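A quick note: this is a predicted structure, and the numbers were derived from the prediction, not measured.
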Amino acid sequence: MATEQGNRPLAEYLAVGAAIGGVVAYSLLQAMLVPVLPSLREKFGVTTSDVAWILTGFLLSSAVSTPVVGRLGDIRGLKRMYLFALACLAAGALIAACAPTLAVSVAGRILQGVGGGIIPLAYGILRAILPSHRLPAMIGVVGESRVWATRPEPCSPGRSCSTSAMPGCS
């Protein structure tokens, strides 16, 4: 049913793209929070230790749900649980973004943490769909996408590229 592109079916490319997309989304939502904690502290009018619960709730939820969601993927189906984790990630992001209070923001981030199951599910999907000779390279690509998603951009908005020592910035 998949359209052939060279010797590789289109389904393989779509599976790898979906795995990378989910892992990047999760990684970005994880990494983007720390720089905005001071702004959230001011927005909600709370102490630093109070606003830290936004990050703590996310990390605790992620630590607990990642192996649980991964195992449920083995039992109930990788695709079904991947979409569930992605939905939790999106719903949590929406709740946290629109949160009028700290408690609602923490609840949204806890729901986002359930999306941590995306990582083992992405690897499971790759294992299920790719031929064994291509699997190690694609696992490396997905793992590396998580690293690249969380690294600071050398020429990101608000940073002067003219003073940067990073390659590619002049």
Within one Ile-Leu-Val-Met-Phe-Trp-Tyr cluster: [X] and [Y], side-chain cutoff 4.5 Å:
| X | Y | value |
| --- | --- | --- |
| V46 | V34 | yes |
| L59 | V68 | yes |
| L55 | L28 | yes |
| L121 | V64 | no |

Heavy-atom side-chain proximity of V16 to L130 below 4.5 angstrom: yes

Is there side-chain contact between T66 and P120, with heavy atoms separated by less than 4.5 Å? yes

Could you tell me which non-hydrogen atom of P67 sits nearest to which non-hydrogen atom of A63, and how far apart they are? CD-O, 3.3 Å

So, taking the atom named CD1 in I119 and the one named OH in Y123, what distance separates them when rounded to the nearest 0.5 Å? 7.0 Å

Distance in Å, L86 CG paired with M81 CE, rounded so as to fall on 0.5 Å steps: 12.0 Å

Can you sort out the partners of [X] under side-chain hydrogen bond (donor to acceptor under 3.5 Å, both in side chains), two or more places apart, ordered by chain and number?
| X | value |
| --- | --- |
| S62 | Y26 |
| S49 | T47 |
| D74 | none |

Residues which pass side-chain contact (heavy atoms from CB on, under 4.5 Å) with [X], listed by chain and number, not counting sequence neighbours:
| X | value |
| --- | --- |
| A15 | I125, I129 |
| P131 | E12, H133, R134 |
| L83 | K79 |
| V141 | I20, M138 |

Which side-chain N or O atoms in residues 93-115 pair as donor and acceptor under 3.5 Å with protein atoms at least two apart or in another chain?
| residue | atom | partner | partner atom | Å |
| --- | --- | --- | --- | --- |
| T101 | OG1 | V104 | N | 3.3 |
| R109 | NE | Q112 | OE1 | 3.1 |
| R109 | NH1 | L29 | O | 3.2 |
| R109 | NH1 | Q112 | OE1 | 2.6 |
| R109 | NH2 | L29 | O | 3.0 |

Ring pair (Phe, Tyr, Trp, His ring centres under 6.0 Å) contacts touching residues 71-107 (sequence neighbours left out): none

Given V51, which partner from the list L37, T56, V36 fulfils the side-chain contact (heavy atoms from CB on, under 4.5 Å) test? L37

